[in-house]
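Here the structure is laid out as structure tokens; the discussion comes afterwards.
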Amino acid sequence: RVVIVEDVAATAKSMSTILSLWQHETKTCPDGFTALEVIRTFRPDVVLADLGLPQMSGYQLAEEIRKLPGQQDTVLIAISGYGQPADKERSQAAGF
């Protein structure tokens, strides 16, 4: 069970299609607020989240996911073009 949080619809659909071909059940969300609602009911094993989301950054989303009951062990994977050492440190600190 994988939640994909990506504001570019074509990118989210592509990721969902590939993961579905590999027999993963997926849900896509365009922003962090929607993702939090979906995660509460869908209970994913993995969340793929863009860091540069509108309204709520991927960093903030990761921090909020970690606060949800039963989601402390969910695998969070950052999707980003941000690749500087500081970005990686910030991602890890947020819970990715």
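Both backbone and side-chain heavy atoms feed into the values below; hydrogens, waters and symmetry mates do not.
- Residue V5 comes nearest to G32 through the heavy atom pair CG1-N, 4.3 Å, listed as atom of the first residue, atom of the second, then distance.
- With values rounded to the nearest 0.5 angstrom, L36 atom CG is found 6.0 Å from L68 atom CG.
- Looking at residues two or more places apart in sequence or on another chain, you find a side-chain contact (heavy atoms from CB on, under 4.5 Å) between I77 and V46, L48, V75.
- Between the side chain of Q23 and the main chain of L19, no donor-acceptor pair closer than 3.5 Å is present.
- Taking the side chain as every heavy atom from C-beta outward, L53 and D31 never approach each other to under 4.5 Å.
- With a 6.0 Å radius and a threshold of 12 heavy atoms from other residues, nucleotides or ligands, Q84 has its CD atom at or below the threshold.
- Applying the side chain to side chain donor-acceptor pair (under 3.5 Å) test to residues at least two apart or on different chains, the pairs with a partner in residues 39-61 are E37-R40, S57-Q60.
- Partners of R66 by side-chain hydrogen bond (donor to acceptor under 3.5 Å, both in side chains), not counting sequence neighbours: none found.
- Listed by chain and number, the residues in a side-chain contact (heavy atoms from CB on, under 4.5 Å) with A62 are L76, A94, F96 (sequence neighbours excluded).
- Considering only residues two or more places apart in sequence or on other chains, T28 meets the side-chain hydrogen bond (donor to acceptor under 3.5 Å, both in side chains) condition with none of them.
- Side-chain atoms of S20 come within 3.5 Å of backbone atoms of S16 as a donor-acceptor pair (strictly under, hydrogens ignored).
- Not counting sequence neighbours, S14 has no partner by the side-chain contact (heavy atoms from CB on, under 4.5 Å) test.
- No continuous path of hydrophobic side-chain contacts links I79 to I39 [ILVMFWY only; heavy atoms under 4.5 Å].
- I18 and I4 fall within a single hydrophobic cluster, where Ile, Leu, Val, Met, Phe, Trp and Tyr side chains are chained together by heavy-atom contacts under 4.5 Å.
- Among residue pairs with one or both ends in residues 7-27, those qualifying as salt bridge (charged side-chain N to carboxylate O under 4.0 Å, His left out) are R1-E25; sequence neighbours excluded.
- Interatomic distance, CD1 of I65 versus OG1 of T74, reported as 7.5 Å (0.5 Å rounding).
- The side-chain hydrogen bond (donor to acceptor under 3.5 Å, both in side chains) check on S91 picks up nothing, with sequence neighbours excluded.
- Shown here are the side-chain hydrogen bond (donor to acceptor under 3.5 Å, both in side chains) partners of T11, two or more places apart in sequence or in another chain: there are none.
- The stretch residues 73-95 participates, sequence neighbours left out, in no salt bridge (charged side-chain N to carboxylate O under 4.0 Å, His left out) pair at all.
- In the hydrophobic clustering of this structure, L51 groups with L61; members are Ile, Leu, Val, Met, Phe, Trp, Tyr whose side-chain heavy atoms approach within less than 4.5 Å, directly or through other members.
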